[in-house]
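Following: one structure in structure tokens, then a few remarks.
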Amino acid sequence: MRPFHSHMDLALEQAQAAALRGEVPVGAVLIDPQGQVVAADGNRTLQLSDPTAHAEIQVIRAACAAARSQRLPGHALWVTLEPCPMCAAAISAARIELLYYGADDPRMGGVAHGARVFDHPQCHHKPQVYDGISAQKSRELLQHFFAARR
């Protein structure tokens, strides 16, 4: 078993880069079973004119393309905000093993809040979920982003 290493700092860097692009500051990093970063990105919904271009979807697409597979067993996903229902469904479909996320999202979340996708009887795969990692940093980044727009 490899030693634990947090990749939340890289996810936060991706969130910050998203904010600089005018995107909601959410960042994600996907790690392969050997502990290597295979994809890192932030939200790109505005840039790509694509409502599905959330950070999680971006890294899942990139990792699946690199692996030449629709499934990512043994992979770990780090994301700064609780995934929405769409992203949670994609995480399940990709068979990602571990999900680490920062801030809770009581309004739009799909893991611990709202749809609770992984608890649904039709969910075929439930990753191990660890929440609250660098939650305060993630929350502050989001709060500053939205406060600047008000």
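Position 1 is the first residue of the sequence, and the numbers go up from there. Keep in mind that this is a model prediction, so the values were computed, not measured.
Here the shortest heavy-atom pairing between Ser138 and Gly102 reads OG-CA, 4.1 Å. The shortest non-hydrogen separation linking Gly110 to Ala88 is O-CB, 4.0 Å. Of all non-hydrogen atoms in Gly22 and Arg149, the two that sit nearest each other are CA-NH2, 3.7 Å. Among all heavy-atom pairs drawn from Ala11 and Val29, the shortest one is N-CG2, 3.5 Å. Minimum interatomic distance between Pro51 and Thr45 (heavy atoms only, all atoms of both residues): O-CG2, 4.0 Å. Counting all heavy atoms, side chain and backbone alike, Pro85 lies closest to Met108 at CD-O, 3.3 Å.
Put simply, the side chain of Arg107 never gets that close to the backbone of Asp105: no donor and acceptor are under 3.5 Å apart. Here the side chain of Thr80 pairs a donor or acceptor atom with the backbone of Gly27 at under 3.5 angstrom. Judged purely by atom type and a 3.5 angstrom limit, Asp104 has no side-chain atom pairing as donor or acceptor with the backbone of Pro106. Proximity of a side-chain donor or acceptor of His120 to a complementary backbone N or O of Gln122 within less than 3.5 Å is detected. In terms of modelled atom types and a separation under 3.5 Å, the side chain of Glu82 and the main chain of Val111 share a donor-acceptor contact. When atom types are taken as modelled, the side chain of His75 and the backbone of Pro73 share a donor-acceptor pair closer than 3.5 angstrom. Without hydrogens or angle criteria, Glu23 side chain to Leu46 main chain gives a donor-acceptor distance under 3.5 Å. For Asn43 (side chain) and Val24 (main-chain N/O), a donor-acceptor pair under 3.5 Å exists by modelled atom type.
How far CD1 of Ile91 is from CE of Met86: 10.0 Å, rounded to the nearest 0.5 Å. Atom-to-atom distance recorded for Phe4:CZ and Tyr100:OH is 5.0 Å, nearest 0.5 angstrom. Note that CZ of Arg150 and CZ of Phe145 are 10.5 Å apart. Values are rounded to the nearest 0.5 Å. Atoms CG and CZ, from Asp41 and Arg61 in turn, are 11.0 Å apart once rounded to the nearest 0.5 Å. Atom CD of residue Glu97 and atom CZ of residue Arg95 lie 13.5 Å apart, to the nearest 0.5 angstrom.
Transitive grouping of hydrophobic side chains (ILVMFWY, heavy atoms separated by less than 4.5 Å) brings Tyr101 and Ile96 into a common cluster. Both Val59 and Val129 belong to a single network of hydrophobic side chains, linked directly or stepwise wherever heavy atoms of I, L, V, M, F, W or Y lie under 4.5 Å apart. Met8 and Ile60 sit in two unconnected hydrophobic clusters of ILVMFWY residues. Membership requires side-chain heavy atoms under 4.5 Å apart, directly or through other members. A chain of hydrophobic side-chain contacts below 4.5 Å, direct or via other Ile, Leu, Val, Met, Phe, Trp or Tyr residues, connects Leu12 to Ile31. No single ILVMFWY cluster, assembled from side-chain heavy atoms under 4.5 Å apart, contains both Trp78 and Leu81.
When the shell of 6.0 Å around NE2 of His144 is examined, it contains 12 or fewer heavy atoms from other residues, nucleotides or ligands. Atom CD of Gln136 is surrounded by more than 12 heavy atoms from other residues, nucleotides or ligands within 6.0 Å.
Inter-residue side-chain proximity for Val79 and Leu99 is flagged as met; some heavy-atom pair is nearer than 4.5 Å.
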Side chain to side chain contact (heavy atoms under 4.5 Å, CB included) between Leu10 and Glu13, worked out:
CA-CA 5 Å; Leu10 180 54; Glu13 287 175 23; 3.8 Å; yes
Evaluation steps, side chain to side chain contact (heavy atoms under 4.5 Å, CB included), between Leu141 and Gln16:
CA-CA 8 Å; Leu141 185 57; Gln16 190 80 327; 2.7 Å; yes
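In summary, Asp119 and Lys126 engage in a salt bridge, as defined by a charged side-chain N under 4.0 Å from a carboxylate O.
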